[in-house]
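Data block below; observations after.
Along the sequence shown, residues carry numbers from 1. All heavy atoms count here, side chains included; hydrogens, waters and symmetry mates do not.
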Amino acid sequence: MDTIYITGGRPLAGTLAVQGSKNAVLPILAATAAIPGRFVLGNIPSIEDVRVTRALLEGLGLQLCALEDQITVDSRGPIRSAPDPELAGRLRSSVLLLGALLARLGRAEIPLPGGCVLGERPLDLHLAALKSLGVRVRLEEKRLLCTGRPKGGTVILPYPSVGATENLILAALGASGPVRLIGAAREPEIQDLADFLTACGAKLSGAGTPCLRIEPAPLQGAEHRILPDRMEAASWLCAAAATGGTLRLTDLCPDQLCPVLHVLRQAGCEIQAGEHDLTLRAASLHAPGAIVTGPYPAFPTDAQATVMAALLRASGSTLFRETVFADRFRHVPALCAMGARIETAGDLARVRGVPALHGAEVRATDLRGAAATVIAALAAEGKSVIHDAWHLDRGYGHFIERLQLLGAEAFAE
Ligand code: EPZ
């Protein structure tokens, strides 16, 4: 998708099954490079980041076959230690191959990863943790050269980085002794990775807590169904809330969305949640109180932009504080071009509700910012044109079809 055309002002209504989680499938695909075996993965989302990761793994020598929402992986043959630089440069999560290749080969040559532009995306936490397990790290001009099989030991993460936690778990699979990870991230996607690795025979305990322990164990292939995507679910809920609609979502885990559901309820939405489904009925919204993002189980940074878009017409004002990424208000200019009243200063953004939004021609800036821009266009009166809509392809499968299914007047070219 390059450009999306939306005529706003219509409430969204209908039922959607939530896709498999982008942020769960990417580390699990990387993990197949760490373990010689045959894997069958279900509930795979149809998104660009998965397509790029598949190409990266095939370039390393793994055999992959995709059929509808299933991928089979055969990693029993010899594999290379250096992923394709151009492909790896397109995806920040390619850095997860670092841990997987160190576990499998004791060597990894990883190009410095690309991907989301969300301020500075350093790797210092990943590298310091790997070094503390005896891995030798050499930073060359455009790549990281890491050698040495990780040793057992205790690693302290000063910040619960999701990627660093996942990289350390993957590296620990090949460690010569038990690895303890203190200060680990607790996101549901990490728990899904742990469930997958346990099915492969890993001796891993503490997933979902700040203290993880991984012990050496023989590993083999496994089957696994990917966790539902809580961020895709949040995006659709915000679209229904912004347009005064009614939405039923199935195949999700509402418990993993508590902070987002709490804010939407505080803003006036009626939400009924079952174990694996959820119905939202929107009303006229009012400001829900301050929103501060943070590591799980705090309010998720990946829902900051989409919830902001849902509240643009809420009466009163909402203060957002973004504590996870340095530059995650890049979507604000596009929302203001549609008539939103938003002021930003450093990690703070204040949204003052306006009675109406109007269509505009704008440019998307990143994955979740693009979703927020679509949500604002759906709530705006008149036509909007959103350029660089390809950002959405990275994390939202069949996006336009699903929008149209909910009654939106939208098309893409
Ligand atoms: C993961 O990114 C997710 N991506 C992100 O989702 C998500 O926003 C983020 O976690 C936080 O929840 C995937 O899972 C593929 P971090 P990751 O390491 O691992 C700093 C989306 O929209 N940091 O937890 O890169 C970093 O700069 C994407 O789906 C260091 O300083 O996030 C950031 O400020 C966007 N040094 C903070 O920590 C490091 O070595 C959180 O980063 C690593 C990170």
Any side-chain heavy-atom pair of Pro178 and Ile214 under 4.5 Å: no

For Gln220, enumerate each residue passing the side chain to side chain contact (heavy atoms under 4.5 Å, CB included) test, keeping only those at least two apart in sequence or located in another chain. none

Residues Gln304 and Thr293: side-chain donor-acceptor under 3.5 angstrom: no

Count the heavy atoms of every other residue, nucleotide or ligand shown that sit under 6.0 Å from CD of Glu401, and state whether that count exceeds 12. yes

Between Glu232 and the options Lys22, Arg402, Arg368, the salt bridge (charged side-chain N to carboxylate O under 4.0 Å, His left out) test singles out Arg402

With a 3.5 Å distance limit and no angle check, can you tell me whether Glu322 reaches the backbone of Phe325 through a side-chain donor-acceptor pair? yes

Step through the shown structure and confirm whether more than 12 heavy atoms of other residues, nucleotides or ligands are within 6.0 Å of CZ on Arg248. yes

How about Ser21 and Arg230: does a side-chain donor come under 3.5 Å of a side-chain acceptor? no

Under the side chain to side chain contact (heavy atoms under 4.5 Å, CB included) test, residues paired with Pro45 that sit two or more places apart: Gln19, Val25, Ile47, Val50

Distance, nearest 0.5 Å, that separates CG of Leu197 from CD1 of Ile28: 7.5 Å

SG-CD1 distance between Cys336 and Ile342, expressed to the nearest 0.5 angstrom: 4.5 Å

Hey, does Leu280 have a side-chain heavy atom less than 4.5 Å from the side chain of Thr246? no

When the ring planes of Tyr5 and Phe411 are compared, do they come out parallel, tilted or perpendicular, using 30° and 60° as the limits? parallel

Could you state the interatomic distance from CG (Leu26) to OG (Ser93), rounded to the nearest 0.5 Å? 4.0 Å

Under the 3.5 angstrom rule, does the side chain of Arg363 hit a backbone N or O of Ile386 as a donor-acceptor pair? no

Any donor-acceptor pair under 3.5 Å linking the side chain of Thr165 with the backbone of Ala185? yes

Can Asp347 and Arg321 be counted as an ion pair, charged N to O under 4.0 angstrom? yes

Closest approach of Cys146 to Leu102 (non-hydrogen atoms, all atoms of both residues): O-CD2, 3.8 Å

More than 12 heavy atoms of other residues, nucleotides or ligands under 6.0 Å from CZ of Arg143: is that the case? yes

Please answer whether the main-chain N or O of Gly37 pairs with a side-chain N or O of Ser75 as donor and acceptor at a distance below 3.5 Å. yes

Under the side chain to side chain contact (heavy atoms under 4.5 Å, CB included) test, which residues partner Thr243, sequence neighbours left out? Leu12, Leu378

More than 12 heavy atoms of other residues, nucleotides or ligands under 6.0 Å from NE2 of His358: is that the case? yes

Shortest non-hydrogen pair, Ala30 vs Leu96, comes out as CB-CB, 3.9 Å

Closer than 3.5 angstrom, by distance alone: can the side chain of Glu187 be matched with the main-chain N or O of Tyr296 as a donor-acceptor pair? yes

When the ring planes of Trp236 and Phe399 are compared, do they come out parallel, tilted or perpendicular, using 30° and 60° as the limits? parallel

Is a side-chain N or O of Asn43 found less than 3.5 angstrom from the main chain of Ile226, in a donor-acceptor match? yes

Thr72 backbone acceptor or donor facing Gln70 side chain under 3.5 Å: no

Between the side chains of Gln404 and His398, is a donor N or O closer than 3.5 angstrom to an acceptor N or O? no

Rounded to the nearest 0.5 Å, how far does CE of Met231 lie from CD of Gln256? 9.5 Å

Is Glu48 paired with Arg90 through a side-chain N to carboxylate O contact shorter than 4.0 Å? yes

Going by heavy atoms in the side chains, are Leu62 and Ile79 under 4.5 Å from each other? yes

Considering only heavy atoms from C-beta outward, does the side chain of Pro83 approach that of Pro111 to under 4.5 Å? yes

For the student: nearest non-hydrogen atoms of Ala194 and Leu204, plus distance: CB-CD2, 3.8 Å

Rounded to the nearest 0.5 Å, how far apart are CG of Leu227 and SG of Cys253? 5.0 Å

With a 4.0 Å cut-off on N to O distance, would you call Glu270 and Arg281 a salt bridge? yes

Between Arg313 and Ala242, is there a donor-acceptor pair closer than 3.5 Å when you use the side chain of the first and the backbone of the second? yes

Side-chain donor or acceptor of Asn167 paired with backbone N/O of Val95 under 3.5 Å: yes

Can you find a heavy atom in the side chain of Pro300 that is under 4.5 Å from one in the side chain of Pro259? yes

Flag, side chain of Ser384 to backbone of Ala360, donor-acceptor distance under 3.5 Å: yes

When you look at Arg350 and Ser317, which way does the side chain to side chain donor-acceptor pair (under 3.5 Å) test go after all the steps? CA-CA 7 Å; Arg350 179 178 290 284; Ser317 84; 2.7 Å; yes

Establish, yes or no, whether a centroid distance under 6.0 Å links the rings of Phe39 and Phe196. yes

Please tell me if the side chains of Leu98 and Leu127 come closer than 4.5 Å, counting only heavy atoms from C-beta onward. yes

Passing option when Ile4 is tested against Thr373, Val385, Leu392 for side-chain contact (heavy atoms from CB on, under 4.5 Å): Leu392

With the side chain counted from C-beta on, respond yes when Glu58 and Gln63 share a heavy-atom pair under 4.5 Å apart, and no when they do not. no

Could you check Thr279 against Gln272 for side chain to side chain donor-acceptor pair (under 3.5 Å), going step by step and ending with a plain yes or no? CA-CA 5 Å; Thr279 300; Gln272 275 127 9; 5.2 Å; no

Looking at every non-hydrogen atom in both residues, tell me the closest pair between Gly316 and Ala287 and how far apart they are. C-CB, 3.9 Å

Hey, mind stepping through Thr154 and Arg180 against side chain to side chain donor-acceptor pair (under 3.5 Å) and telling me if it holds? CA-CA 5 Å; Thr154 297; Arg180 277 197 324 151; 3.3 Å; yes

Rounded to the nearest 0.5 Å, how far does CG of Leu212 lie from CD1 of Ile190? 7.5 Å

Close side-chain approach of His387 and Glu361, heavy atoms under 4.5 Å: yes

